2 protein chains.
Amino acid sequence: MAVEPDRDMDAHVRRLWRHRGATLPTPRRGPRQQLDLDEILRAGIAIADAEGLAAVSTRVVAARFGKTGMALYPYVGTKENLLALMQDHASAMPAWEDPVTGLTDGLHAWAVALFEVYLAHPWLTERPWSQATQGPNEQDWLERLLRILHRWDVPPGARPSVVTMLYATVRATAGTAAAYQRMNQQGIAEWRGQAEATMTQIPDLRQRYPLSTGLEPVTPHWQDNPRVALTNSVQLLASALGRTAG
Amino acid sequence: MAVEPDRDMDAHVRRLWRHRGATLPTPRRGPRQQLDLDEILRAGIAIADAEGLAAVSTRVVAARFGKTGMALYPYVGTKENLLALMQDHASAMPAWEDPVTGLTDGLHAWAVALFEVYLAHPWLTERPWSQATQGPNEQDWLERLLRILHRWDVPPGARPSVVTMLYATVRATAGTAAAYQRMNQQGIAEWRGQAEATMTQIPDLRQRYPLSTGLEPVTPHWQDNPRVALTNSVQLLASALGRTAG
DNA sequence: AGAAAACACTATGCAGTGCAAGGAGTAAAA
DNA sequence: TTTTACTCCTTGCACTGCATAGTGTTTTCT
């Protein structure tokens, strides 16, 4: 009945915040550690970037250091923790100047910056996101967004909605952008879309779904579609806030 | 160099649209099939609902029919196809009356209906979503949404953005709602949040992140948070459209 | 100084995965 | 009647996360 303070969770949180004042759960006895958490995460991220999240296994990551899979456990705890640490590590927020021209530009700069991070690490879209389980880097993004909303006097009641919608939209558009670049690098020629296959299997698809099959892409260059969709969405959202805030 | 018509893809599409005019790739020779695709999908969905998507394996699903894992392959092709079929099967659109009171109510009814489906099958949030790989049930949702936008004269240029944001927001809020009900049924008492652990590890978190740690929940009953967040988001979005459309 | 505890890393092994390959039996087509 | 295509089974492979036990190393306690 002792109040056990969930040491695994504490260790995980301390690893997440290791560069922000938390002390790493470093061993006090036993042999020196031969690996480094940051290098482990860099290796894992490199693998995920190149071959997808599914290619990240304890054994593969450890092999980059000539070690066995079990050697990672003192550093990361569990596989799930490893992925969470990779997620936050890859989410480091770049520096940019906050536009002074208005709310729309401010939100747009934020959204595009986050979009770029997701494009650089497409597997981030496969990871869950919530405000309750964040590391410092992810927290930076949220704080920055709220600062923009505060700066432009978005009423507090509207902020949670904006946060939810913006994050969700960035993640969604980045996800389809990542899918695009995936099929780009595997050769468009041999790629036959499921959409096309559906058109031939269901010849009257256009009649049955006139509106959804008639949707026109937002830009002629379909590669840019997700980015443009994000820009338009931000504008729409900002216009709603302009109305509320005005 | 023959133009091979990608038979696996065709078979998959025909299975997806099997109840909408497509002919199932049914065998013409050999022993009678002892299983039924719809029953397989129902079994898989039941497992995913009860134990999560990770618990769905070919062997476990097949065991429900006293068969081995390999027995599923004539019916679904691959594991990934099985999951895609489950996804569409679980996305069947319920019937509801389209509100005649305005765009906001129309969008809200749509969003809540989709939200409920996601709550009934929380693993849907773990599945990728894109307009390019949809089955009939998912297509129904999109068409319905576009009909609402058409009905209330939302300008065509704004529609793709609304579609993206609404889907993304529903999926995001449903995802956190699913997380809530997960920790509800595993007992709140023993559940110690990572957020709490962070607060104790980083005592000055509130000073460092005044805005994000000061975010107030949108409703006193935190259980209802996602639903209310969704409602607010829809309202915000509709207000933007009201301005554009007006 | 010496004993004991706590640690890093390895080796082994378990239970599980998707699925390729091959075989036995069955039904329809040639 | 023979051939072909099919269903379902068995076997087996390569892979996963990780529990367990063992070896050697470093620090702490006596």
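Quick caveat, the model's predicted, so the values are computed rather than measured. Just so you know, these numbers use all the heavy atoms, side chains as well, and skip hydrogens, waters and symmetry mates. The sequence lines fix the lettering, A, B, ..., with proteins before strands; numbering per chain opens at 1.
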Donor-acceptor pair, distance only, cut-off 3.5 Å: does the side chain of B:D88 make one with the backbone of B:N137? yes

Could you pull out the closest heavy-atom pair between B:A120 and B:D49, with the gap in Å? O-OD1, 3.6 Å

Keeping the roles fixed (side chain from B:R208, backbone from A:R20), state whether a donor-acceptor pair exists under 3.5 Å. yes

Using chain B heavy atoms and a threshold of under 4.0 Å, write down where along DNA chain C the contacts begin and end, 5' to 3'. C:dT17 to C:dA29

Using a heavy-atom cut-off of 4.0 Å across all strands, would you classify A:R59 as base, sugar-phosphate, or nothing? base

If you apply the rule side-chain contact (heavy atoms from CB on, under 4.5 Å), what do you find for A:Q194 with B:L16, and how did you get there? CA-CA 11 Å; A:Q194 180 175 319; B:L16 267 176; 3.4 Å; yes

I'd like to know if the side chain of B:Y75 pairs up with that of B:D36 as donor and acceptor (distance under 3.5 Å, no hydrogens or angles considered). no

Under 3.5 Å: donor-acceptor pair, side chain of A:E143, backbone of B:L211: yes

Is B:R42 reaching over with its side chain to a backbone N or O of B:E39, donor-acceptor style, under 3.5 angstrom? no

For residues 169-179 of chain A, the side-chain hydrogen bond (donor to acceptor under 3.5 Å, both in side chains) pairs (sequence neighbours left out) are A:Y118-A:R171

Go nucleotide by nucleotide along DNA chain C from the 5' end; which of B:R29 and A:G30 gets its closest nucleotide reached first? A:G30

Mind running a 4.0 Å heavy-atom check of residues 33-51 of chain B against DNA chain D and sending the residues that fall below it, in number order? B:Q33, B:Q34, B:L35

Basic-acidic side-chain contact under 4.0 Å: A:E138, A:R127: no

Nucleotide range of DNA chain D contacted by chain B, 5' to 3', under 4.0 Å to a heavy atom? D:dT4 to D:dG12

Measure the spacing between CG of B:L41 and CZ of B:R18 and express it to the nearest 0.5 Å. 5.0 Å

Of all heavy-atom pairs linking A:V61 and A:A43, the shortest is CG1-CB, 4.4 Å

Does anything in residues 65-80 of chain A reach DNA chain D, meaning a heavy atom under 4.0 Å, and if so which residues? A:M70, A:Y73, A:T78, A:K79

So how far is it from A:D140 CG to B:S212 OG, rounded to the nearest 0.5 Å? 8.5 Å

All pairs passing ring-ring contact (aromatic ring centres under 6.0 Å, His included) where residues 164-185 of chain A contributes a residue, at least two apart: A:W110-A:Y167, A:W129-A:Y167, A:Y180-A:W222

